[in-house]
Structure formats: structure tokens, C-alpha cells
Amino acid sequence: MDLILFGPAGAGKGTQAKFLVERFALPQVSTGDMMRAERASGSELGHKFDEYMSKGLLVPDELVFELLEKGLDAAGSKGVIFDGFPRTVPQAKVLDEVLAKRGRKMDHVVSMEVPLSDIVDRITGRRTCQGCGQVYHVRYNPPPADGKCASCGGSELIQRKDDTEEVVTRRFEEYKAKTEPVLGYYQAKGLATSIEGVGDLDEVYKRIKAAIGQ
Ligand code: AP5
């Protein structure tokens, strides 16, 4: 199964992707995580990513394509939970081509609908594990009292540098202008389902499973 979790920053894509990875034993491909790893490696490509990410702008498509084949090669052939990719119509078209070359096609696109006011609240309260990428929220999914990750056994939790109100507002504008049209692309193919992304984590998870017929 190839599935896209679609939605703006803070919609809960990464949080729900982790549940789906566990349930369906499929790998997650997050271009945002791949870009942060590249940035942490100190490479020239990582430096280029950072120029856009730190301002809340989308990274240009030609740089994103450098990551796609790498991500799919590492993910194997069973299918992928895509989180935060594709984000432009050209990216969606290239993804279709790359999957077709591998004898696959997109199966489901689940769009998680969350209003901007919740997004700002979620993003400014998010804390992310530096070691394993597990996400917490200071109120909605609080980390352990010692401030260390419970999932990987003790790495530091940080606030991502693009998780400020100013940058997330810019990310939302980018989403509206460049990413939302991707939904129309998949709606025209009959693949997209929208769900309410507000509510308990478990409730949202059930909505996603219902959207994909599980
Ligand atoms: P990326 O890392 O992909 O970030 P994003 O899409 O902006 O999404 P987030 O990770 O911020 O949010 P999420 O939906 O995963 O929410 P989460 O589950 O963490 O991209 C970062 C940047 O990289 C982009 O701005 C761009 O520059 C670049 N980039 C990446 N991919 C690109 C591409 N393909 N093309 C071009 N540029 C690209 O949840 C958020 C918080 O809410 C957490 O604290 C969580 O605990 C909490 N939460 C989750 N669900 C709930 C709930 N139901 N109720 C209450 N709180 C909740």
C-alpha cells in the first residue's frame, strides 16, 4: 500500500504516520526528516535546504527530487507512508512516474483538516526528540518530567527552529498557495479523502483507518 498523509504543518501527519507504520509494517518517508538529516550532516545540500526551511518556504522541486529516489530505495518494495510529500503538483506527477517505474501506484491520499488557530498552538508547543524524531506537545502529549524522550530512552527534546509563530504562519501561506492544489490533483483521480484532524490522537487515527477502508 502507498499512502499519502496530506495537510499543513502541524496537522498531525508525523504523529499519525508513526501509528500507521506500526500497524501496517510499512516504512515512512518524510522529506522534512530527510532534509533535517542532510542539514545535520553539514553537507552543501543540507545548507541549501536550510536556506528555505528556516524561512518557512518550500524547498525548490529540483532539490526535493534528489531525495525522492534515495527515500524510495531505502524504503523497499512493499509500499510507503508518505508524510509531507508531495507538496507541489510537479512533485505529485514525478511521484506517479517514479512509482510506475517500480510497478506501483498511489492507493490513498488522506487530507487532515485542521484550522490555522490549532496549527499555531500545536506547532509552538511541539517538542521533538533529537535522537528518534518522536514528537510531543507540552499540553496535548506531554513529554516525561525529566525532559528526555520516553520512546528512545533518553535523548534531549528540542524545539525545531521553524516552530515559531512567525515561521509557521509563513509555512501555512506556502501550503495554501502551492500545496493545497495537490489535493485537487488527487481528487481528480478519485484517490483523496478529507478527514477532521482535530480531536484525540486515537479518534483521528480511527478516521484515517476508515478513510483507507481498514
Ligand atoms: P516537514 O518537516 O514536513 O514539516 P510540516 O509539513 O510543516 O509538518 P510538521 O512536521 O510541522 O507537522 P505534522 O503534520 O507532522 O505534525 P505533528 O504530527 O508533528 O517540513 C519542514 C520544512 O521542510 C518545510 O517547511 C519545507 O521548507 C521543507 N520541506 C519538507 N518537505 C518538502 C517538500 N516535499 N517540498 C518542499 N519543501 C519541503 O504534530 C504537530 C504537533 O501537534 C505535535 O506537538 C503533536 O504532539 C501535536 N498533535 C498532533 N496531533 C494532535 C491532535 N490530534 N491534537 C492535539 N495535538 C496534536
Side-chain angles (χ1 to χ4, degrees), residues 4-21 28-39 45-46 48-68 71 81-92 94-95 110-129 133-143 149-151 157-164 166-180 182 195-208:
I4 296 170
L5 285 183
F6 188 87
K13 305 181 294 294
T15 300
Q16 295 294 335
K18 297 271 184 293
F19 298 149
L20 295 169
V21 162
Q28 171 187 9
V29 168
S30 157
T31 42
D33 286 348
M34 293 175 79
M35 287 172 189
R36 278 183 288 281
E38 195 69 44
R39 189 173 65 186
L45 184 60
K48 280 191 202 158
F49 290 154
D50 190 52
E51 284 174 25
Y52 298 93
M53 295 169 83
S54 59
K55 295 185 188 119
L57 300 173
L58 287 190
V59 169
D61 287 341
E62 57 276 17
L63 296 180
V64 179
F65 295 147
E66 290 194 32
L67 294 177
L68 178 60
I81 312 288
F82 290 95
D83 156 17
F85 178 86
R87 275 166 129 112
T88 62
V89 172
Q91 287 183 21
V94 166
L95 177 59
V110 181
S111 175
M112 304 173 67
E113 311 287 335
V114 177
L116 180 60
S117 53
D118 289 70
I119 285 170
V120 172
D121 186 36
R122 286 182 183 190
I123 287 291
T124 53
R126 175 166 61 182
R127 299 294 179 269
T128 305
C129 174
Q134 177 69 36
V135 297
Y136 298 88
H137 189 280
V138 290
R139 285 187 305 285
Y140 310 130
N141 181 19
C149 182
S151 178
L157 304 181
I158 55 149
Q159 185 159 20
R160 263 169 52 179
K161 68 178 183 180
D162 58 345
D163 279 356
T164 62
E166 188 192 348
V167 178
V168 78
T169 305
R170 190 67 203 264
R171 284 155 70 191
F172 190 74
E173 287 164 7
E174 285 280 89
Y175 172 79
K176 284 287 185 193
K178 297 177 187 165
T179 304
E180 221 170 42
V182 175
I195 61 138
E196 174 84 71
V198 178
D200 286 351
L201 298 188
D202 196 44
E203 268 174 44
V204 176
Y205 177 56
K206 283 184 185 144
R207 288 176 206 144
I208 294 172

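For ligands, and for the atoms within them, numbers begin at 1 and follow the listed sequence.
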* Asked: Of His137, Arg36, Arg127, Met53, which has the heavy atom at the shortest distance from atom 47 (C) of ligand 1?
  -> His137

* Structure fact -> Restricting to heavy atoms, the pick from Lys13, Arg126, Arg39 nearest atom 10 (O) of ligand 1 would be Arg126

Which residue and heavy atom of the protein sit nearest [atom], plus the separation:
| atom | value |
| --- | --- |
| atom 4 (O) of ligand 1 | Arg160 NH2, 3.4 Å |
| atom 33 (C) of ligand 1 | Arg87 CD, 3.2 Å |
| atom 12 (O) of ligand 1 | Gly10 N, 2.9 Å |
| atom 27 (O) of ligand 1 | Leu57 O, 2.7 Å |
| atom 49 (C) of ligand 1 | Thr15 OG1, 3.7 Å |
| atom 52 (C) of ligand 1 | Arg122 NH2, 3.3 Å |
| atom 56 (N) of ligand 1 | Tyr140 CD1, 3.5 Å |

* To do: Apply salt bridge (Lys or Arg N to Asp or Glu O under 4.0 Å) to the pair Asp121 and Arg139, showing each step before the final yes or no.
  => CA-CA 10 Å; Asp121 186 36; Arg139 285 187 305 285; 2.4 Å; yes

* **Residues Asp162, Arg126; criterion salt bridge (Lys or Arg N to Asp or Glu O under 4.0 Å); working and verdict** => CA-CA 11 Å; Asp162 58 345; Arg126 175 166 61 182; 5.3 Å; no

Side chain or backbone of [X] under 4.0 Å from ligand 1, or both, or neither, by non-hydrogen atoms?
| X | result |
| --- | --- |
| Arg171 | side chain |
| Thr88 | neither |
| Pro8 | backbone |
| Glu174 | neither |
| Gln91 | side chain |
| Tyr136 | backbone |

Can you find a heavy atom in the side chain of [X] that is under 4.5 Å from one in the side chain of [Y]?
| X | Y | value |
| --- | --- | --- |
| Phe65 | Gln91 | yes |
| Ile4 | Leu95 | yes |
| Leu201 | Tyr140 | no |
| Gln159 | Arg127 | yes |
| Leu20 | Leu5 | yes |

* Asked: With sequence neighbours left out, what residues match Asp118 under salt bridge (Lys or Arg N to Asp or Glu O under 4.0 Å)?
  -> none

* **Numbering as shown, the atoms of ligand 1 that approach Leu201 to under 4.0 Å (heavy-atom distance)** => 50 (N), 51 (C), 52 (C), 53 (N)

* Structure fact -> Near Ile123 (heavy-atom distance under 4.0 Å), the atoms of ligand 1 are 11 (O)

* Answer yes or no for Ala11: is there a heavy-atom contact with ligand 1 below 4.0 Å? => yes

* Among the heavy atoms of Gly199, does any lie under 4.0 Å from an atom of ligand 1? -> yes

Below 3.5 Å, N or O to N or O, backbone or side chain included: is there any such pair between [X] and ligand 1?
| X | answer |
| --- | --- |
| Gly56 | no |
| Thr31 | yes |
| Asp163 | no |
| Phe85 | no |
| Val204 | no |

* Asked: So how far is it from Glu196 CD to Ser111 OG, rounded to the nearest 0.5 Å?
  -> 11.0 Å

* Asked: Does a sphere of radius 6.0 Å around CD in Glu203 hold more than 12 heavy atoms from other residues, nucleotides or ligands, not counting ones at 6.0 Å or beyond?
  -> yes

* With Phe19, which residues qualify under ring-ring contact (aromatic ring centres under 6.0 Å, His included), at least two apart? -> Tyr205

